[in-house]
Amino acid sequence: MTKQKLELTWIGKEKRPKLEPRILLEDPDKSYHARHRVSENDLFDNRLIFGDNLLALKALEQEFSGKVKCVFIDPPYNTGSAFTHYDDGLEHSIWLGLMRDRLEIIKRLLSEDGSLWITIDDNECHYLKVLCDEIFGRANFVSSFAWEKDKGRRNDTDISSAHDHVLLFVKNRDIWKKVRNPLPRTESQKARYRNPDNDPRGPWLQGDNGTAKSGGESLLYPITLPSGRVVLPPKGNYWRFSKESFERARAEGRVYFGANGDGMPLIKRYLTDVQDGVVPRTWWPAEEAGSNQSAKRDHLRKLLPDIEPFSTPKPEELLRLILHISTNAGDLVLDSFAGSGTTGAVAHKMGRRWIMVELEESCHTHIIPRLKKVINGEDPGGITKAVGWQGGGGFRYYRLAPTLIVNDRWGNPVINPEYNAAMLAEALAKLEGFTYAPSEVLWWQHGHSSERDFIYVTTQNLSADQLQALSEEVGADRSLLVCCSAFRGVTAAQAAERWPNLTLKKIPKMVLARCEWGHDDYSLNVANLPMAPSPPAPLPPAGEGRKTGMPSPQAGEGRKAKMLPAQAEEGGNHSPSDTGQGYDLCQARPQRTADLFDESDDK
């Protein structure tokens, strides 16, 4: 019998993008750091990345897989309707597919004790939960928190939404249970512990004692109070503690019998004996976690008075709760939907390393000005007082490099002319799974995958003599992947036999089939997706075109478009178009880049 599984399906689920692992380019003019150190723990190597967040996640994958302790994302809630008929499931399917692609990379980025927190509303929450079950496993679902995002009440709707969901999934639940942090006790929680009998061990609270409705005969024994009165549990009840536990607690002075020694016995639970903190609850009221309104009104408007804040910004108090539970000082936090930068601001104030990704202009209009004030110690709001933040540290600003492969004006794939030698070497190292680390001593070491395996990238056409010299310098105890424009004098098979420590690959043929080149936007904002083009009108029957004024497919441009290269050679000497929109088909087609780098040309 075939084993079946519960699965969420949607239109286009089987389609997966072939993402290009772009390199990241730092812009020092937009990077920022404090003018001096505030403490020895200041963190400077945080990253703010401007660009498509799916491509950015792919760009981070090689370096940061298994290293991110906490991921917080606040994705678009998909509450709009991009299409005329929402019920056909197309918009919903697009959203699920785009979320799936991101979540799969996020799972690979998480450390074994890492966690993912997602804020979402009712519109997609339950579908997203099932999707995460598939990716992370149902056993790694921890909880769905209800965060009170709005303390007010709207009267222009049938139901006024007061909360959002915060879904919590972890990489490994068994490990997570051991490392997650309890929340600190509030003053009101500490006030529940009292010391009416001046116990030298300090404040205490009644433990799991008194009486219960269920139990056995062993829990019906008599107890003699200090007053001399003998008591039993009320009829139909039992003591909550065994006789042995009671006698041991009494001997240790941990039993309270009331101010006059005549009350029913209570076994004490001291504040000093309980764990340092409390287990988080799934209800997060605005008084503890802030709200959209408090974030906008009490913090962001005052922090950045000249900038219009987001309509529903996440409060710093909410992120503080999440990062307190899931991380410790120095851990790495990632937010790939940075928005106004709350995650980075809170992580910075709490001494966590952070990476944020944002595609919209809010990266420059909101996030950078906000982070500068945090770093300069000029942000008095949010959690600043609660954590004693005084400024310091910094961040580095990156943008995604352009696509590596572009088409020339004849439609042939070529290396993007925007790439210099260093960018090309880094890009090919990443594509081949090498760490880009150019040696200052050995000119042919551009990166490494182990202590003995290296990569060398050049746009030269290497001769047999050059390859021989390179092989001798590499030596028999090391291996080198050589990425070059071409090599001559030997075939690939001959080269492999002659220089076993070298592996030769040609640019760009070696990577042409790897990725979706030139795809810069995997936007999750389905409301901005273009409408599909209308299907072309069918061609009229033969001869009908002349009657209606339509050109016949056998004449004019129709004939030109159907000409084969062999026929086109008879058309005369026409030059390729300089407009970049193709070339005249009367000119024999230029040779493809893949043809130029075919293995048979290695001579």
Side-chain angles (χ1 to χ4, degrees), residues 142-149 151 162-163 166 168 176-215 219 223 225-227 229 231-234 237-291 294 315-328 350 382-383 385-388:
V142 178
S143 185
S144 174
F145 296 84
W147 163 56
E148 188 182 19
K149 64 178 180 180
K151 290 185 66 64
H163 78 280
V166 183
L168 170 56
W176 158 262
K177 291 177 181 177
K178 300 175 183 177
V179 300
R180 66 111 179 100
N181 299 316
L183 292 175
R185 295 181 186 277
T186 64
E187 291 303 316
S188 61
Q189 289 169 338
K190 292 178 182 178
R192 296 174 58 203
Y193 289 80
R194 300 182 180 181
N195 194 1
D197 57 345
N198 296 316
D199 192 315
R201 284 164 287 197
W204 54 269
L205 188 69
Q206 174 183 338
D208 293 332
N209 47 38
T211 60
K213 291 290 185 180
S214 61
L219 298 178
I223 292 178
L225 306 179
S227 64
R229 185 164 64 95
V231 295
L232 286 167
N237 286 263
Y238 305 84
W239 298 122
R240 290 180 180 268
F241 40 79
S242 67
K243 186 174 183 180
E244 292 76 12
S245 297
F246 172 77
E247 294 297 344
R248 183 167 58 251
R250 188 171 195 171
E252 294 172 353
R254 293 190 293 109
V255 181
Y256 182 63
F257 295 97
N260 299 319
D262 193 47
M264 296 293 279
L266 301 175
I267 295 180
K268 302 175 183 179
R269 183 173 63 193
Y270 296 96
L271 178 60
T272 55
D273 291 340
V274 298
Q275 67 174 351
D276 186 19
V278 295
V279 174
R281 299 172 66 237
T282 57
W283 166 239
W284 285 355
E287 288 80 9
E288 298 177 14
S291 66
S294 67
E316 290 197 0
E317 294 82 0
L318 173 65
L319 268 298
R320 184 194 179 195
L321 280 172
I322 291 172
L323 297 190
H324 178 91
I325 295 169
S326 60
T327 66
N328 297 300
M350 294 179 68
I383 65 166
K385 292 182 180 179
V387 300

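For clarity, every value in this text was computed on a predicted model and none was experimentally measured.
Closest heavy-atom contact between Arg320 and Ala386: NH1-CB, 3.4 Å. Residue Pro315 comes nearest to Gly290 through the heavy atom pair CG-C, 3.6 Å, listed as atom of the first residue, atom of the second, then distance. Pro184 and His324 get closest at one heavy-atom pair: CD-NE2, 3.3 Å. Minimum heavy-atom separation, Glu148 to Ala286: OE1-N, 3.0 Å. In terms of heavy-atom proximity, Leu232 sits nearest to Met264 at O-CE, 4.0 Å. Nearest heavy atom pair, residue Leu225 against residue Gly263, reads CD2-O, 3.5 Å.
Looking only at distances, a side-chain donor or acceptor of Glu316 sits under 3.5 Å from a matching main-chain atom of Ile383. At least one donor-acceptor pair under 3.5 Å links the side chain of Asn181 to the backbone N or O of Thr327. A donor-acceptor contact shorter than 3.5 Å is absent between the side chain of Arg192 and the backbone of Leu205. Listed for the Trp204 side chain is no donor-acceptor partner under 3.5 Å among the backbone atoms of Ile267.
At a threshold of 4.5 Å between non-hydrogen side-chain atoms, the residues Ser294 and Lys151 do not count as touching. With contacts defined as side-chain heavy-atom distances shorter than 4.5 Å, the pair Asp197/Lys268 qualifies. The closest side-chain heavy-atom distance from Arg269 to Tyr193 is below 4.5 Å. Residues Leu183 and Glu288 have side chains not in contact (no heavy-atom distance under 4.5 Å, counting atoms from C-beta outward). Between Ser227 and Phe257, the closest side-chain pair of non-hydrogen atoms is not below 4.5 Å.
For the atom pair CG (Asp262) and CZ (Arg229), the distance works out to 4.0 Å, reported to the nearest 0.5 Å. With rounding to the nearest 0.5 Å, the separation of CG in Leu168 from OG1 in Thr282 is 11.5 Å.
The residue from Leu318, Ile322, Leu321 that alone fulfils the side chain to side chain contact (heavy atoms under 4.5 Å, CB included) condition with Trp147 is Leu318.
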Compile the donor-acceptor pairs under 3.5 Å between side chains in residues 243-253 and protein atoms, sequence neighbours left out, one pair per line.
| from | atom 1 | to | atom 2 | distance (Å) |
| --- | --- | --- | --- | --- |
| Ser245 | OG | Ser242 | OG | 3.0 |
| Arg250 | NH1 | Thr224 | O | 3.0 |
| Arg250 | NH2 | Thr224 | O | 2.9 |
| Glu252 | OE1 | Arg254 | NE | 2.6 |
| Glu252 | OE1 | Arg254 | NH2 | 2.9 |

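Crowding of Arg194 atom CZ: a count of heavy atoms from other residues, nucleotides or ligands under 6.0 Å not exceeding 12.
Tyr256 and Asp199 are not linked by any side-chain donor-acceptor pair at a separation below 3.5 angstrom, with hydrogens and angles left out of the test.
Contacts of Trp176 classified as ring-ring contact (aromatic ring centres under 6.0 Å, His included), with partners at least two apart in sequence or in another chain: none. Partners of Ser143 by side-chain hydrogen bond (donor to acceptor under 3.5 Å, both in side chains), not counting sequence neighbours: none found.
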Legend entry - Check against side chain to side chain contact (heavy atoms under 4.5 Å, CB included), Val142 and Lys177: CA-CA 10 Å; Val142 178; Lys177 291 177 181 177; over 6 Å; no

